[in-house]
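Values below: every heavy atom of this structure, side chains too, minus hydrogens, waters and symmetry copies.
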Amino acid sequence: MSQEFDYDLVIIGAGVGGHGAALHAVECGLKTAIIEAADMGGTCVNRGCIPSKALLAASGRVRELRDAHHLQSLGIQLGAVAFEREGIADHANNLVAKIQGDLTNSLKRLKVDIIRGWGKIAGPQKISVKTDSGEKTITARDILLAPGSVPWVPPGIEVDGKTVYTSDQAVKLESLPQWIAIIGSGYIGLEFADVYTALGSEITMIEALDRLMPTFDPDIAKQAERILINPRDIETRVGKLALKVTPGSPVVIELADAKTKEVEEILEVDACLVATGRIPATNNLGLESVGVETDRRGFIPVNDDLAVLSGGEPVPHLWAIGDATGKMMLAHAASAQGVAVVETIAGRPRQVDYRSIPAAAFTHPEIGFVGLTEPQAKELGETEGFEVAAVRTYFKGNSKALAEGETEGIAKVIYRKDNGGILGVHIIGIHASDLIQEAANAIALRQSVNTLAFTVHTHPTLSEVLDEAYKRAATYA
């Protein structure tokens, strides 16, 4: 380490991205500190993926055990199934505490200095930290910003945290409203709809765009509507804007036509979950001290190496990762970015391959996806001059799915006709979140369906839905 700095690397933000960067930095021999003003583990561990997966696991068991028809098909009969809301909430809270503790201990074990307080840039290679005991300045050869994101609440919606709330409060499961409106049909809205319906709530799902699940591949969205929405106590309002939401008992929602903005309906519900996406937490980071301006949405501008930009040029020794960059708002993407930045700092330049980063919605059944949707692939094909094709295979024809009695779902592989290169894979079905990793690895290695068609999959396993898709797509000319 250069003697002129307190640290080789200082990371602002101890979420999954900052944590992954810190661990890798220590492996690379860098003296490292991490600054966190709130909860260690950030959104993912405390208010996002971890507690929501705990709720989905518990509520999913309730759903399975109450599905008498499915159990009878397996020769199983059960009596009445009961649950305790408090017990399910405790399961999520206890998991958060455990993982938060594990994360903190892993940093301490590797001798990463944990500084509790608000960190902000105070100039080139300089950070000021406001702590309970005052303010101090530390220096670092490199600074990595990993401030994360917060839920976005559209104008006109008043959040009280009790009757109108975001996912931050929803993961605590402090109540089970009889009738809840969910604004937004992205993966957050879908996952909470899964939890609430399993535990007996009725739902009205409100989507401003002209179709449900607008960010998903259209085929998957269509299947998800058929499997996850239509058979459950969920009514939908598509192309409708929640123009005004007033907390209380009841919660009053003014629904307007998304195009004309004219109010068409007044909804009165017991509670409202605002699941309209997330925005970067980039206020008060001291970016102006090094001449950096965020874009109009608040994202930190970065280049492909994740160096922070000022006027289009990299600011020396300043980097940013995670939700605040707007590249891909996923915990594991942030972690990959953190490792890539550390590698670059260590003299081994590395960039993140976003095309091969998978994502999942942990509904029942799950949705997993990686790469481009079919419309995106066709747009790319038109730009670059190649033809796109897609094949679909069905869980109904898979022996393992049949044995489990879980045959709903499809796997869709989108590929180039000229060389068989995979552009995207989308799965809805049992264990889709695990199955998608195989496709992500294939895209990372730029493999062709013509090669993958000859790979051998264990029989009988769910992975054969992809095996069959590769074989259908391959050309043996």
> Do the ring planes of His426 and Phe369 sit parallel (below 30°), tilted (30 to 60°) or perpendicular (above 60°)?
Replying inline: parallel

> Taking the side chain as C-beta and beyond, is there a heavy-atom pair between Phe299 and Thr282 under 4.5 Å?
Replying inline: no

> Any salt bridge between Arg237 and Glu235, counting N to O under 4.0 Å?
Replying inline: yes

> If you measure from the Lys or Arg side-chain nitrogens to the Asp or Glu carboxylate oxygens, is any gap between Lys162 and Asp160 under 4.0 Å?
Replying inline: no

> Which pair of non-hydrogen atoms, one from Asp168 and one from Val171, has the smallest distance, and what is that distance?
Replying inline: O-CG2, 3.4 Å

> Between OG of Ser73 and CG of Asp67, what distance do you get to the nearest 0.5 Å?
Replying inline: 8.0 Å

>> Assess the residue pair Thr373 and Thr215 against the criterion (side-chain contact (heavy atoms from CB on, under 4.5 Å)); give the C-alpha distance rounded to whole Å, side-chain angles, the decisive distance to 0.1 Å, and a yes or no.
In response: CA-CA 9 Å; Thr373 63; Thr215 58; over 6 Å; no

>> Between His332 and Ile357, is there a side-chain heavy-atom distance shorter than 4.5 Å?
In response: yes

> Is it the case that Lys120 and Asn284 place a side-chain donor and acceptor less than 3.5 Å from each other?
Replying inline: yes

> If we ignore angles and hydrogens, is there a donor and acceptor under 3.5 Å between the side chains of Arg47 and Ser52?
Replying inline: no

>> Quick one, Ile114 with Arg116, criterion side-chain contact (heavy atoms from CB on, under 4.5 Å). Give me CA distance, side-chain angles, the key distance, then yes/no.
In response: CA-CA 6 Å; Ile114 299 171; Arg116 304 309 302 260; 3.8 Å; yes

> From Ile414 CD1 over to Glu374 CD, what is the distance, rounded to the nearest 0.5 angstrom?
Replying inline: 5.5 Å

>> I need the minimum non-hydrogen distance between Ala390 and Lys412, along with the two atoms involved.
In response: CB-CE, 4.0 Å

> Does a side-chain N-to-carboxylate-O contact under 4.0 Å join Lys53 and Glu191?
Replying inline: yes

>> So which atom in Val292 and which in Pro301 form the shortest heavy-atom distance, rounded to 0.1 Å?
In response: CG1-CD, 4.2 Å

> Between the side chains of Glu366 and Thr363, is a donor N or O closer than 3.5 angstrom to an acceptor N or O?
Replying inline: no

>> Restricting to non-hydrogen atoms, name the atom on Pro247 and the atom on Thr163 that form the minimum distance, rounded to 0.1 Å.
In response: CB-OG1, 3.4 Å

> Side-chain contact, heavy-atom cut-off 4.5 Å: Leu107 with His19?
Replying inline: yes

>> Under a 3.5 Å cutoff, is there a donor and acceptor pairing between the side chains of Glu207 and Ser185?
In response: yes

> Looking at Asp257 and Lys261, does any basic side-chain N land under 4.0 Å from a carboxylate oxygen?
Replying inline: no

> Excluding sequence neighbours, so at least two apart, what forms side-chain hydrogen bond (donor to acceptor under 3.5 Å, both in side chains) with His69?
Replying inline: none

> Is there a side-chain contact between Glu404 and Phe395 (heavy atoms, below 4.5 Å)?
Replying inline: no

>> I'd like to know if Arg85 pairs up with Glu174 as an ion pair, taking the criterion as any Lys NZ or Arg NE/NH1/NH2 lying under 4.0 Å from an Asp or Glu carboxylate oxygen.
In response: no

>> Assess the residue pair Glu408 and Tyr394 against the criterion (side-chain hydrogen bond (donor to acceptor under 3.5 Å, both in side chains)); give the C-alpha distance rounded to whole Å, side-chain angles, the decisive distance to 0.1 Å, and a yes or no.
In response: CA-CA 8 Å; Glu408 290 284 20; Tyr394 297 84; over 6 Å; no

> Out of curiosity, His364 NE2 to Ile227 CD1, how far, rounded to the nearest 0.5 Å?
Replying inline: 13.5 Å

>> Apply side-chain hydrogen bond (donor to acceptor under 3.5 Å, both in side chains) to residues Arg446 and Ser356 and explain how you reach the verdict.
In response: CA-CA 9 Å; Arg446 298 300 186 260; Ser356 68; 5.2 Å; no

>> Would you say that Pro147 contacts Ile12 through its side chain, given a criterion of any heavy-atom pair below 4.5 Å between the two side chains?
In response: no

> For the residue pair Ala336 and Val352, what are the closest heavy atoms and their distance?
Replying inline: O-CG2, 3.9 Å

Donor-acceptor contacts, no H, no angles, side chain residues 267-281, under 3.5 Å, sequence neighbours left out:
{"residue": "Asp270", "atom": "OD2", "partner": "Trp179", "partner atom": "N", "Å": "2.9"}
{"residue": "Thr276", "atom": "OG1", "partner": "Trp152", "partner atom": "O", "Å": "2.6"}
{"residue": "Arg278", "atom": "NE", "partner": "Ser149", "partner atom": "OG", "Å": "2.8"}
{"residue": "Arg278", "atom": "NH2", "partner": "Thr43", "partner atom": "OG1", "Å": "3.1"}
{"residue": "Arg278", "atom": "NH2", "partner": "Ser149", "partner atom": "O", "Å": "2.8"}

> Between the side chains of Asn441 and Gln437, does any donor sit under 3.5 Å from an acceptor?
Replying inline: yes

> Going through the distances and angles, do His457 and Glu438 end up as a side-chain hydrogen bond (donor to acceptor under 3.5 Å, both in side chains)?
Replying inline: CA-CA 11 Å; His457 291 69; Glu438 174 186 332; 2.7 Å; yes

>> In the structure I gave you, are the side-chain heavy atoms of Ile300 and Leu287 within less than 4.5 Å of one another anywhere?
In response: yes

>> Is there a side-chain contact between Phe83 and Leu176 in this structure, where contact means two heavy atoms from C-beta onward sitting under 4.5 Å apart?
In response: yes

> Stepwise, does the side-chain contact (heavy atoms from CB on, under 4.5 Å) test hold for Glu406 with His70?
Replying inline: CA-CA 9 Å; Glu406 299 273 2; His70 177 234; 3.6 Å; yes

> Is Thr393 close to Arg472 at the side-chain level, that is, under 4.5 Å between some pair of heavy atoms?
Replying inline: yes

> Can Phe362 and Ser433 be said to form a side-chain contact (heavy atoms from CB on, under 4.5 Å), step by step?
Replying inline: CA-CA 7 Å; Phe362 293 84; Ser433 67; 3.5 Å; yes

>> Between Glu225 and Arg211, does any NZ, NE, NH1 or NH2 come within less than 4.0 Å of an OD or OE carboxylate oxygen?
In response: no

